[in-house]
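Please read the structure below before turning to the comments.
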2 protein chains.
Amino acid sequence: MGTASKALSLLNYFSRAQSQIGLSDLARLSGMNKATVYRLMGELADHGFVEQVGAGREYRLGPAFLRLAALREKAVPMRELALAELTKLSELTGETSHMSLLNGEVLSNLTYSYAHKHGTMVMMEDAEVLELHSTGSGLAVLAFSPASFIDAILSKPLVARTPETVTDPAAIQALLPKIRKRGMAWSIGGYERDVYSHAVPIFDAGSQCIGAMAVAAPVSRMTDELRAMIQAELALAARRTTRVLGGFPPDSFPKINPTDSPVESELT
Amino acid sequence: MGTASKALSLLNYFSRAQSQIGLSDLARLSGMNKATVYRLMGELADHGFVEQVGAGREYRLGPAFLRLAALREKAVPMRELALAELTKLSELTGETSHMSLLNGEVLSNLTYSYAHKHGTMVMMEDAEVLELHSTGSGLAVLAFSPASFIDAILSKPLVARTPETVTDPAAIQALLPKIRKRGMAWSIGGYERDVYSHAVPIFDAGSQCIGAMAVAAPVSRMTDELRAMIQAELALAARRTTRVLGGFPPDSFPKINPTDSPVESELT
DNA sequence: ATGCATCGGTTCAATATTTGAACCATCGGT
DNA sequence: ACCGATGGTTCAAATATTGAACCGATGCAT
């Protein structure tokens, strides 16, 4: 692993739950020498990627990310485009919708939209981490990822978030062919007890799966009717999202009923 | 310079104007060897900090920044807090307000707020770059920066953005004591021809100047009355912003009339 | 108060990584 | 068919990285 990669990997230890980390902790977490971490963090700090705070001299993520995220979004308005689709999706379904991107071995939430139709709704946050094995979005991504990646994920210990979480690798493997055939995954209470989630993978220009779009509803509100509506609208929204992001579903990806999705001349 | 710094510095060549850069261009821009750039960009790409696009294999900023920016903002809601102040400021003054952060030798815009009082207004964008010598915000920051930093900035060639831009280092040096005394800088047409800008520095917990808050109005709309109002409100808003961000103005920073800003018991 | 364990930070010789000139294969324009 | 550009690759030489040990300071328990 190159030096630059080591420095960058240090940034992955910062999370929603742990936003500040001391030098020694960071050395322990990363398994690197303290002197190494010290030097690398110093370089990251020079560029505004981290900053040291207060007495404990702990590190936290720096302001440079705001600038670079703004530039990224200006160049590739993923979040904006996804949010436009999610807003429509939430209005149509009356439920929370969100989109997340694959980042290493987990998904992290890109953006989301709430519906204001009901008194209760599934909550969501930016940069929220979703595991691949225990969420609808994760299963959707897993199903359309290379076999080697799937094996790598499923060979690690799978945490049971709820009593309903499927943690048997073989059982998860058995789900994937169905998900591939449907082009959609679902998870009932696998991550949060009361959440019924549908998810469809999103692809890039090389037909690689880069994330998923999902609709999450309280289990108690799910009916056959709502399920059918979510599935229909989500499939359309996800397909549009892949397209507006400049991506293409792989050839193996199931087509939607042509009456719902008329063939369009493909430009650019 | 360490290897990690070299990798990180490559990210600085991406801008609003140039969002995609090829390998050879990047090598030329950075002065590094092509093989070095190739390897470093590969490492950045592995972590999602850049991605390669299409046929030309050009690089652009990656999606990882969206995630890390969301985490940063969750940990330190600078943008959110600043925007709250800017919104009030724009409503009060009827003009565009913005806040920018020092990044190396330039300011980059953090966030902004438009007023909707007039048919015309000064436009602003996220991550827009403001030079230190030619903008009100830049002068405000410069005046409260270490002498060595000021000298470094003013010893480089100063670009004249408009005929009104002051590009004589000595003339700029002469402005700084007044700015320090007032705690506020202004620039009339120095960056964009028709923009009259007032700016106040923002400080961190160590009383270092980290950026500036500013109000930008069309020159044609400026009156003595408006100027007085902007100066009063901006001074207050900037002071509040420094405080809510956890910072402190240096002892040398001019105090506002105590009837406007009653002493508060300082907690945390 | 005393001692112990931890913290952030620093040092320097041993070591592993980075570097860069030269080299491909490929593409597009002349 | 050529030329000059591109992205990508190689390998010995040069250089940056590494990590155990050390430092002073701080905090916690005895």
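In what follows, every chain begins at residue 1, and chains take the letters A, B, ... in the order their sequences are listed. This one's a predicted model, so the numbers in the text were calculated from it and none came from an experiment.
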### Message
Nearest whole Å is fine: how far is C/dG9 P from A/D25 CG?
### Response
13 Å

#### Entry: Which nucleotide in C/dT18, D/dT9, C/dG8 has an atom nearest any side-chain atom of A/T3
C/dT18

### Query
To the nearest Å, how far apart are A/L26 CG and C/dG8 P?
10 Å

### Task
Using heavy atoms to find the nearest nucleotide of DNA chain D for A/N33 and B/Y59 separately, return the residue whose nucleotide is more 5′.
B/Y59

### Query
Is there a Watson-Crick or G-U wobble partner for C/dT30 with both distances under 3.5 Å, and which nucleotide is it?
D/dA1

### Query
How many Å lie between CZ on A/R39 and C1' on C/dT11, as a whole number?
13 Å

### Query
Which pair of heavy atoms, one from B/V129 and one from B/Y191, lies closest together, and at what distance?
O-OH, 2.9 Å

#### Entry: Among D/dT18, C/dT19, D/dG8, the nucleotide that comes nearest once only the side chain of A/K6 is considered
D/dT18

### Task
Hey, which sits more toward the 5' end of DNA chain C by its nearest nucleotide, B/E43 or A/L23?
A/L23

### Message
Rounded to whole Å, please give me the gap between CZ in B/R57 and C1' in C/dA25.
### Response
15 Å

### Query
Do you know which two heavy atoms are closest between B/G211 and B/L107, and how far apart they sit?
CA-CD2, 4.2 Å

### Message
Using whole Å, what does the distance between atom C1' of nucleotide C/dC7 and atom CE of A/M41 come to?
### Response
16 Å

## Note on the structure
Picking from D/dA20, C/dC7, C/dT18, the nucleotide nearest the side-chain atoms of A/R28 would be C/dC7

### Query
Under 30°, 30 to 60°, or over 60°: which ring-plane class applies to B/F203 and B/F253, parallel, tilted or perpendicular?
perpendicular

### Query
Which distance, rounded to the nearest 0.5 Å, do you find between the CZ of B/R79 and the OH of B/Y112?
9.0 Å

#### Entry: From C/dC7, C/dG20, D/dT17, nucleotide with atom closest to B/T36 side chain
C/dG20

### Query
What is the distance, rounded to the nearest whole Å, between atom CE of A/M1 and atom C1' of D/dT18?
13 Å

### Task
Nearest whole angstrom, please: distance from the P of D/dG7 to the CD of B/Q52.
9 Å

### Query
Counting only distance, no hydrogens or angles, is the base of D/dG8 paired donor-acceptor with the side chain of B/K34 under 3.5 Å?
yes

### Message
Under the criterion side-chain hydrogen bond (donor to acceptor under 3.5 Å, both in side chains), I'd like the reasoning laid out for B/N33 against B/R39: C-alpha separation, chi angles, the key distance, then a yes or no.
### Response
CA-CA 10 Å; B/N33 187 280; B/R39 192 171 41 78; over 6 Å; no

### Message
Side chain of B/Y38 only, heavy atoms from C-beta on: which candidate in D/dT9, C/dG20, C/dC7 is closest?
### Response
D/dT9

### Task
Quickly work out the B/I21 CD1 to D/dT6 P distance and round it to whole Å.
14 Å

